[in-house]
Amino acid sequence: MTLQDTNIDTHTESSRIRNQRLEKLEKIKSLGIDPYPYKFIRTHKAEELQVKYKDLANSQETDDTVTVCGRIHNERNDWMFIDLYDDSGKIQLYCDKENLDKKLVEFLPLLDKGDHIGAKGIIRRSPRGELSIKVSEVIVLSKSLLPLPEIIEGKKRHLGIHDIETRYRQRYLDLIVNPIPKETLKKRAKITSEIRNYLDEKGFLEIDTPVLQVEAGGAEARPFVTHHNALNIDLYLRIATELHLKRLIVGGFEKVYEIGRIFRNEGISTKHNPEFTSIELYEAYSDYNDMMDLTENLVKYICQKVNGKLQIEYQGKIIDFEKPWKRIPMLDIIKEHAKIDFSKCLHNPEEASKLAINAGVKLECRGAPMVCPDCGIIIAKVFEERVEAKLIQPTFIIDYPLEISPLAKKHRSIPGLVERFELFINGWEIANSFSELTDPLDQRKRLEEQAKKKAAGDHEAHPLDLDFLTALEYGMPPTGGLGIGIDRLVMLLTNSASIRDVIAFPTMKPL
RNA sequence: GCGCUAGUAGCUCAGGGGUAGAGCACUCGGCUUUUAACCGAUUGGUCGCGCGUUCGAUUCGCGCCUGGCGCACCA
């Protein structure tokens, strides 16, 4: 049900319920009570009380007066018992009507499930063992007009939503009634804050770079376009933070990072949201080997901090972060899984495509045959098709073909390859890293190649960022760079099946 | 973008070419130390939207909308 329904259609069941609550609201106001007051001071949260009084015996009553506040989730015995929830948990309120102020007894039926209330009373444990507050005062803190969704599981009725669409579209409802989304988002916050702790400790500086850009570079992806009215120019939403962070290295910062939202104008799936969060970091005087160590240590640190252990279960699969992570050259692992040896034909696309086709890999892009693919693209295709899904345990794939890595430095000993790695876990690419290309002339050449592709209609080719090339010409120190997809890492560490579960408000088509 | 699948009361779901069903919620009454409180009664629907077939469509057909899953693209 949407608010529109309640506003426009006065004949639905939901509007009938809303009207009943509006009548209660009016009655509350007519008693001189503000149903939406400004502030409430509580002495305890629910969980604090549960801990503090865990040893209180059944039927025991204390002299301790406390105040609590939260949302009513359930009520029993005609408002004799109220289940009150705050963000720490539940506490039961007990309204002993025989000994309660008559005004309060009359006021209680004006409440509804979903209302926020504040209550004052003494702590007791009921004869059946439920810690309760025997209330002397109850005030409304926010009158709720719409009913919260409830579900019945077996014999238990409780707040909840089954409908997945409602959960994502009205996430506030999901968060009110389901414990898991709240836990997942808490863990996500923990993950990003621990990443910051880890990097800040190591002397990295977090710097924000522009989201609105004249050219969206640093990755292969289609950008979103927007318009700046005063300048009367189209701008792109960034698809990576790479090129600006590298400018900061040129500028003299030696360790920088950014945790930021990036935007890619692509399809939506359980693993893709149009806006997602990456962390990119750059460290001067380092190479991709250093980045591999950093990645492994960082992810292990995060996993330990968030889950308290290094073995996790993801959708039925055990993933072990503890053992040293494998580091395998891309060509070797292709040889292992696809029985193709590309090492002798890194400069011979005809031979490479013959090997791929013989092995049964279709060289197609969007269903159409590839036009003159170069070696790098062929190798990447074979890798994606034959290897990627098998990389369940954390694995570094190292030394990528040059053509698919226009921002990475050429391999120091193997012609045709670059110093690049990607980290795979559960068959997903989690991280991407290079010994950053710092040679301004080589970089210019490679971006000009990309520009040609772009001109030929490849929407995802890298644009030519002339200022970035100028920056490199002033001199960039040897630098290791790393990018990690935060959302997928959070999915793994929270056992979430869909990226929508780790994003508070995932992109949905409007109704 | 393609394929499969779903949409019926506030919630969870059943049904099926002939007046639209259940449980829970809501409202009312009873009861009063409950935790699914309990007992009773009432209320509640454009069966996602549109077109077609039909005497008659919520049901059958086609199209559309929205979601889910898978594929493709990608991270």
Side-chain angles (χ1 to χ4, degrees), chain A residues 1 5-6 9 11-21 23-24 58-59 73-83 90 92-98 109 112-114 124-132 134 145-169 173 177 219-222 239-240 262-280 364-368 380 384-385 388 422-424 428-432 459-460 483-489 491 497-500 506 508-511:
Chain A
M1 181 204 54
D5 293 328
T6 63
D9 190 345
H11 302 292
T12 62
E13 174 69 359
S14 61
S15 69
R16 185 181 67 85
I17 292 170
R18 185 166 179 269
N19 286 336
Q20 284 169 352
R21 292 192 176 201
E23 283 170 23
K24 290 185 184 178
N58 289 7
S59 303
H73 276 210
N74 198 14
E75 155 270 326
R76 288 176 296 281
N77 263 18
D78 200 15
W79 294 100
M80 187 177 278
F81 300 99
I82 297 170
D83 290 340
K90 175 189 137 181
Q92 176 173 275
L93 305 184
Y94 169 48
C95 304
D96 179 8
K97 293 193 202 168
E98 311 243 318
D112 283 294
K113 288 175 212 174
R124 72 191 286 270
R125 193 176 288 281
S126 78
R128 303 208 184 182
E130 184 78 31
L131 188 70
S132 311
K134 185 176 176 182
L145 300 179
L146 297 171
L148 292 171
E150 292 185 314
I151 57 176
I152 297 168
E153 259 170 25
K155 289 188 164 188
K156 289 197 169 189
R157 168 178 60 79
H158 58 88
L159 296 183
I161 315 178
H162 279 158
D163 184 60
I164 291 168
E165 186 173 355
T166 307
R167 287 189 42 219
Y168 295 142
R169 284 194 192 279
L173 288 180
V177 303
E220 287 188 29
R222 292 187 76 164
I239 58 170
I262 59 184
F263 308 85
R264 297 190 182 175
N265 207 337
E266 290 157 358
I268 295 174
S269 78
T270 47
K271 295 191 228 9
H272 302 85
N273 197 64
E275 51 179 304
F276 62 103
T277 303
S278 77
I279 170 166
E280 286 191 34
E364 291 179 344
C365 183
R366 294 171 198 267
E384 281 163 23
E385 208 161 297
E388 233 177 69
E422 290 189 327
L423 168 64
F424 287 85
W428 304 340
E429 184 196 328
I430 296 293
N432 183 19
H459 295 290
E460 286 163 13
I484 300 175
I486 297 284
D487 308 84
R488 288 192 184 169
L489 185 63
M491 285 172 72
S498 170
I499 197 167
R500 290 177 206 105
M508 300 289 278
K509 209 165 177 174
L511 288 173

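Sequence lines set the chain letters: A, B, ... in the order given, protein chains first and strands last, and positions in each chain run from 1. Given the structure is predicted, the values throughout are model-derived calculations rather than measurements.
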Next item on the list: Establish, with yes or no, whether the OP1 or OP2 oxygen of B:rC73 is under 4.0 angstrom from a side-chain nitrogen or oxygen of A:Lys271.
Entry: no

Note to self: What stems show up for RNA chain B when you take Watson-Crick pairs (N1-N3 plus N6-O4 or O6-N4) and G-U wobbles (N1-O2, O6-N3), both under 3.5 Å, and require three or more consecutive pairs?
What the structure shows: B:1-7 with B:65-71, B:10-13 with B:21-24, B:27-30 with B:38-41, B:48-52 with B:60-64

Notebook entry, point to check: Which part of the nucleic acid, if any, lies within contact of A:Glu130, taking any heavy atom under 4.0 Å across all strands shown: a base, the sugar-phosphate backbone alone, or nothing?
Noted result: base

Note to self: Ignoring hydrogens, what is the shortest heavy-atom contact between A:Ala240 and A:Arg264? Give both atom names and the distance.
What the structure shows: CB-NH2, 4.4 Å

Notebook entry, point to check: Taking the P atom of each, how far is B:rC62 from B:rG23, in whole Å?
Noted result: 36 Å

Notebook entry, point to check: Of the non-hydrogen atoms in A:Leu146 and A:Arg21, which two are nearest, and what is the gap between them?
Noted result: O-NH1, 3.4 Å

Checklist line | Nucleotide nearest A:Lys509 when distance is taken to its side chain, options B:rA75, B:rU35, B:rU66 | finding: B:rU66

Notebook entry, point to check: Counting just side-chain N and O atoms, does A:Ser269 come under 4.0 Å of either OP1 or OP2 of B:rG70?
Noted result: no

Check: Counting only N and O atoms by type, is there a donor-acceptor contact under 3.5 Å from the side chain of A:Asp487 to the main-chain atoms of A:Thr277?
Finding: yes

Next item on the list: For the side chain of A:Glu266, starting at C-beta, report the closest nucleotide among B:rU35, B:rC73, B:rC26.
Entry: B:rC73

Notebook entry, point to check: In whole angstroms, how far is the P atom of B:rC26 from the CD1 atom of A:Ile17?
Noted result: 9 Å

Check: Does A:Asn74 or A:Lys97 map to a spot on RNA chain B nearer the 5' end, using the closest nucleotide for each?
Finding: A:Lys97

Checklist line | P atoms of B:rU66 and B:rG52, separation to the nearest Å | finding: 23 Å

Margin query: So if I take every side-chain heavy atom of A:Glu460 and compare against B:rC26, B:rU66, B:rC73, which nucleotide ends up nearest?
Written below: B:rC73

Next item on the list: Compare the minimum distances between each of B:rU33, B:rA25, B:rG67 and the side chain of A:Met508, then state the nucleotide with the smallest one.
Entry: B:rG67

Note to self: Distance check needed: B:rC26 P versus A:Leu145 CG, whole Å only.
What the structure shows: 16 Å

Item checked: Gap between atoms CD1 and C1', on A:Ile161 and B:rC24 respectively (whole Å) -> 16 Å

Margin query: Between A:Lys90 and A:Glu130, does any side-chain N to carboxylate O distance fall below 4.0 Å?
Written below: yes

Margin query: By nearest atom, which of the nucleotides B:rU12, B:rG44, B:rU35 is closest to the A:Arg16 side chain?
Written below: B:rG44

Notebook entry, point to check: With distance as the sole test, does A:Ser278 use its side chain to make a donor-acceptor pair with the main-chain N or O of A:Glu280 at under 3.5 Å?
Noted result: no

Next item on the list: Answer yes or no: is there a donor N or O on one side and an acceptor on the other, between the side chain of A:Lys97 and the main chain of A:Asp78, under 3.5 Å?
Entry: yes

Next item on the list: Classify the side chain of A:Arg21 and the base of B:rC26 as holding, or not holding, a donor-acceptor pair under 3.5 Å.
Entry: no

Next item on the list: Identify, between A:Pro510 and A:Trp428, the residue whose nearest nucleotide on RNA chain B lies closer to the 5' end.
Entry: A:Pro510

Check: From the list B:rG68, B:rU12, B:rU33, which nucleotide is the closest neighbour of the side chain of A:Phe81?
Finding: B:rU33

Note to self: Suppose you measure atom P in B:rU19 against the same atom in B:rC11; what distance do you get, rounded to whole Å?
What the structure shows: 26 Å

Check: Say you pick atom P in B:rA6 and the same atom in B:rU59; how far apart are they, in whole Å?
Finding: 15 Å

Check: What does A:Asp83 touch in the nucleic acid at a heavy-atom separation under 4.0 angstrom: a base, only the sugar-phosphate, or nothing?
Finding: nothing

Margin query: Could you tell me how far B:rC39 sits from B:rA57 if I compare only their C1' atoms? Round to whole Å.
Written below: 41 Å

Notebook entry, point to check: In whole angstroms, how far is the P atom of B:rA25 from the CG atom of A:Leu173?
Noted result: 19 Å

Notebook entry, point to check: Among B:rG67, B:rU27, B:rA72, which is the nearest nucleotide to the side chain of A:Lys24?
Noted result: B:rU27

Check: What distance, rounded to whole Å, do you find between the two C1' atoms, one in B:rC55 and one in B:rC13?
Finding: 33 Å

Item checked: Per A:Asp78 side chain, nearest of listed nucleotides B:rU32, B:rU35, B:rU12 -> B:rU32

Next item on the list: Please report the closest heavy-atom contact between A:Asp112 and A:Lys24, naming both atoms and the distance.
Entry: OD1-NZ, 2.8 Å

Check: What are the two closest heavy atoms between A:Arg488 and A:Trp428, and how far apart are they?
Finding: O-CZ3, 3.8 Å

Note to self: Between A:Pro149 and A:Leu173, is there a side-chain heavy-atom distance shorter than 4.5 Å?
What the structure shows: yes

Margin query: Please report the distance separating the P of B:rG10 from the corresponding atom of B:rU46, rounded so that it comes out in whole Å.
Written below: 8 Å

Check: How close or far is atom P of B:rU33 from atom CD of A:Glu98, stated in whole angstroms?
Finding: 9 Å

Margin query: How many whole angstroms separate atom CZ of A:Arg169 from atom P of B:rG7?
Written below: 17 Å

Notebook entry, point to check: Would you say a side-chain N or O of A:Lys113 is under 4.0 Å from OP1 or OP2 of B:rG10?
Noted result: no

Next item on the list: Look at all strands and tell whether A:Asn58 reaches a base, only sugar-phosphate, or nothing, counting heavy atoms closer than 4.0 Å.
Entry: nothing

Next item on the list: With the side chain of A:Tyr168 defined as its heavy atoms from C-beta on, choose the nearest nucleotide among B:rG68, B:rA75, B:rU35.
Entry: B:rG68

Margin query: What's A:Thr270 touching, base or sugar-phosphate or nothing? Going by heavy atoms closer than 4.0 Å.
Written below: sugar-phosphate

Notebook entry, point to check: B:rA75, B:rA25, B:rU35: which one has an atom nearest the side-chain heavy atoms of A:Phe276?
Noted result: B:rA75

Next item on the list: In whole angstrom, give me the gap between the P atoms of B:rC2 and B:rG44.
Entry: 43 Å

Item checked: Value in whole Å for how far the P atom of B:rG10 lies from CG of A:Asp112 -> 17 Å

Note to self: Under a 4.0 Å threshold between the charged nitrogen and the carboxylate oxygen, would A:Glu150 count as salt-bridged to A:Lys113?
What the structure shows: yes

Notebook entry, point to check: Under 4.0 Å: is that the gap between some side-chain N or O of A:Arg500 and OP1 or OP2 of B:rC69?
Noted result: yes

Note to self: Please report the distance, rounded to the nearest Å, between NE2 in A:His73 and C1' in B:rU35.
What the structure shows: 15 Å

